[in-house]
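In what follows, chains carry the letters A, B, and so on, assigned in the order in which the sequence lines appear, proteins first and then strands, with residues in each chain numbered from 1.
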Protein chains: 2
Amino acid sequence: MLAKIKAARDTLRKSEQKVADVVIADPEQSVQSSIQAIATLASVSEPTVIRFCRALDCVGFQQFKLKLAQDLARRGTFFYQDVTVDDSSKELANKLLDGAIASLVQIRNQINEDQLDKAIAMYEACERIELYGSGGSAVVAEDAQLKFFRLGKPAIAYSDPHIQHASAALLDKNALVIAISHSGRSSDILKTVEIARQSQAKVISVTATRSPLAQVSDVALTVDVNEDSDIFSPVKSRLGQMVVLDVLAVGVAVRGGDHMLEQLSRARRAIDFKFV
Amino acid sequence: MLAKIKAARDTLRKSEQKVADVVIADPEQSVQSSIQAIATLASVSEPTVIRFCRALDCVGFQQFKLKLAQDLARRGTFFYQDVTVDDSSKELANKLLDGAIASLVQIRNQINEDQLDKAIAMYEACERIELYGSGGSAVVAEDAQLKFFRLGKPAIAYSDPHIQHASAALLDKNALVIAISHSGRSSDILKTVEIARQSQAKVISVTATRSPLAQVSDVALTVDVNEDSDIFSPVKSRLGQMVVLDVLAVGVAVRGGDHMLEQLSRARRAIDFKFV
DNA sequence: TTCATTATGTAATTTTACTACAAACTGTTA
DNA sequence: TAACAGTTTGTAGTAAAATTACATAATGAA
């Protein structure tokens, strides 16, 4: 939740940002405050606070406070810690693992059931799938391709933006695009999605809450992660994206009933034996 | 909090006990209810509910709900559960995420510091790196390539076993191979490693404990994960492998001192901005 | 049975969250 | 730059929730 606020902060309206800042500055305090108190602190009106909550997919202020409270309760179990030069490799490993775990916990608490259901329905309705991701997200797209092509519909992943553009232009209304991007701001992916939509294709994005990419997609599966402590590529969001796509794929499989599940597990044994 | 309610339950007054029973019966529901709703459910008056909260050392109903919510958030964290056909997408997502989290916790608890230190030393001693992984592990190898090539030495990932063989044959004693395989039993990867060792290259494997691959490597970074519940490709071991390789890369970077870390974080910002 | 004490409920009050609408601001077209 | 549409924000009112004060009922000891 807190990560979600941070991620969404820049896409909020000006006065809502003030609210976000107040909450980020002292979440423990916010959780105990009334709308009025927060509104005063942020120098905005009370409805603005409610609008802020709604922008974060909460039905109201109470739910927002509840989610925030739960978020606060959970951190402390595994939490982010910066790596320092004096760390032993054991400490280093623990810190990094803790960070990764914490981010998955965060994602777990953020899953939007509604969007997920829609995404599953979109898969069921489509005839083929294209996965777009560049740079680090290319890895995720490829991983997802491995999953999706076992579900019975053609699935292909492209990492080169030029090829993405070209391929997106050739889609039709029976195609489903899954666009993967950590920030959701890369102009390449936005352009690709724009082209895909012109081709009438449906678009699911796996990206940050309220990012430009999320906003131009039919369905957004959001992955918000605190990347401050990542030195390299954003491993944590990578992991999050992979798991979210796994959830989608399993969701599709489960809707297909027992039969499909069994078939898949047989396929898995056969393939894994050879490849992994 | 929930424990507190249970403990206090018998010392409460009769009608407060009714409230306690309602809360214990369905805490998730209670956390979202109003005083009125709970009062009705327990067939008591609203002030009784408040008295119940006060009896539990809360200043009011709101604080009680908050504490209960935090309690709920903390408890029962993360264990494997099989997905069933009747699961809602929310349940499904939670089960899968929990499984993934549990597996990272497991990896965290079994990191072998000694092997990790050796691996870091081997990186420092080598001149170039080759990453081998096929099928699902190809994704991990690619991801690792992205990390390692920023550390200053050439790094390249191959997924095609034939090319792996050919490339391994051309290595020398200054080369470092990182071989990735979930099972550590695929004959392709074993053959590749055998060739690499004949070429005098050093070998780090990222695979299951005591697997054939682990046994023929100079250093084995082990990733053991309960895959029973994975329907598709082994996501969990995939995640584990990625994190373990991240640990290795960060470890290398940290040994390079503050200077290297800073340089990397600058590089990251530049690259991420464009690519992710 | 009566009285004191405790427990519970009723009804009023206050606080809080939320809604509807209007004003103010932003940016765009003529 | 004036007029406009669209968006953002605030004002004022409303509904609902939590809380209080007080009354009534239950309990139990003398």
Side-chain angles (χ1 to χ4, degrees), chain A residues 1 5 7-24 26-72 209-212 214-216, chain B residues 1 5 8-24 26-72:
Chain A
M1 195 70 204
I5 299 172
R9 135 103 234 230
D10 291 339
T11 73
L12 296 170
R13 319 187 234 244
K14 259 205 299 296
S15 45
E16 286 169 16
Q17 289 186 7
K18 290 190 207 164
V19 179
D21 292 341
V22 166
V23 174
I24 292 168
D26 193 348
E28 283 82 6
Q29 176 60 47
S30 304
V31 123
Q32 305 190 53
S33 307
S34 65
I35 290 191
Q36 206 174 49
I38 291 178
T40 309
L41 258 164
S43 325
V44 300
S45 68
E46 301 183 19
T48 299
V49 177
I50 293 178
R51 286 191 274 258
F52 163 80
C53 300
R54 302 246 160 93
L56 266 53
D57 302 318
C58 296
V59 341
F61 180 67
Q62 287 297 344
Q63 195 188 62
F64 167 77
K65 274 211 319 197
L66 228 57
K67 283 193 183 176
L68 184 62
Q70 300 204 323
D71 208 48
L72 293 176
T209 302
R210 296 176 65 83
S211 63
Q215 282 166 358
V216 297
Chain B
M1 194 71 204
I5 299 173
R9 136 97 231 212
D10 290 339
T11 73
L12 295 171
R13 319 185 234 240
K14 259 208 300 297
S15 48
E16 286 169 15
Q17 290 186 6
K18 291 190 206 163
V19 179
D21 292 341
V22 166
V23 173
I24 292 167
D26 192 348
E28 284 81 6
Q29 175 61 47
S30 305
V31 125
Q32 302 189 55
S33 308
S34 64
I35 288 191
Q36 207 173 50
I38 292 179
T40 309
L41 259 165
S43 325
V44 300
S45 69
E46 301 183 21
T48 300
V49 177
I50 292 180
R51 287 183 201 115
F52 163 81
C53 300
R54 302 249 160 94
L56 269 68
D57 303 318
C58 297
V59 348
F61 180 66
Q62 286 299 342
Q63 195 188 65
F64 167 76
K65 276 211 318 198
L66 230 57
K67 284 191 181 177
L68 184 61
Q70 299 203 322
D71 207 48
L72 255 29

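Across the protein-nucleic acid pair, A/F61 atom CZ and C/dT15 atom P stand 17 Å apart, rounded to whole Å. As a whole-Å value, the separation of A/Q36 CD from C/dC18 C1' is 13 Å. Straight-line distance from the CZ atom of A/F64 to the P atom of C/dT16: 17 Å, rounded to whole Å. Counting to the nearest Å, the P atom of C/dG9 and the NZ atom of B/K18 are 7 Å from each other. Whole-Å rounding puts the B/I35 CD1 to D/dA15 C1' distance at 16 Å. The CZ-C1' distance, from B/R51 to C/dT8, rounds to 6 Å in whole Å. Rounded to an integer number of Å, the gap from B/F52 CZ to D/dT19 C1' is 17 Å. Between B/Q62 atom CD and D/dA16 atom C1' the separation is 12 Å, expressed in whole Å.
At the phosphate of C/dT8, neither OP1 nor OP2 sits under 4.0 Å from any side-chain N or O atom of B/T48. The phosphate of C/dT8 has OP1 or OP2 within less than 4.0 Å of a side-chain N or O from B/S15.
The closest donor-acceptor contact from the side chain of B/K65 to the backbone of B/S34 lies at 3.5 Å or more, if one exists at all.
In this structure, the nucleotide among D/dA18, C/dG9, C/dA17 sitting nearest to the side chain of B/K65 is D/dA18. Among the nucleotides D/dA12, C/dG9, C/dT8, the one closest to any side-chain atom of B/V44 is C/dG9. Considering only the side chain of B/R54, D/dT20 comes nearest among C/dA17, D/dA18, D/dT20. When distances run from any side-chain atom of A/P47 to the nucleotides C/dA20, D/dT8, D/dT19, the shortest one goes to C/dA20. Here D/dT11 is the nucleotide among C/dT8, D/dT11, D/dT8 with the atom lying nearest to any side-chain atom of A/S45. Checking C/dA17, C/dT8, D/dT9 against the side-chain heavy atoms of A/S34 singles out C/dA17 as nearest.
Among the atoms of the strands shown, none is found under 4.0 Å from any heavy atom of B/V49. Across all strands shown, B/I50 has heavy atoms under 4.0 Å from base atoms, whether or not it also approaches the sugar-phosphate.
Closest approach of B/A20 to B/L12, counting heavy atoms only: CB-CD1, 4.1 Å.
Residues B/I38 and B/F61 have side chains in contact (heavy-atom distance under 4.5 Å, counting atoms from C-beta outward). Under the 4.5 Å side-chain criterion, counting only non-hydrogen atoms from C-beta, A/I5 is in contact with A/F64.
In the model, A/R210 has no side-chain atom that pairs as donor or acceptor with a side-chain atom of A/Q215 under 3.5 Å.
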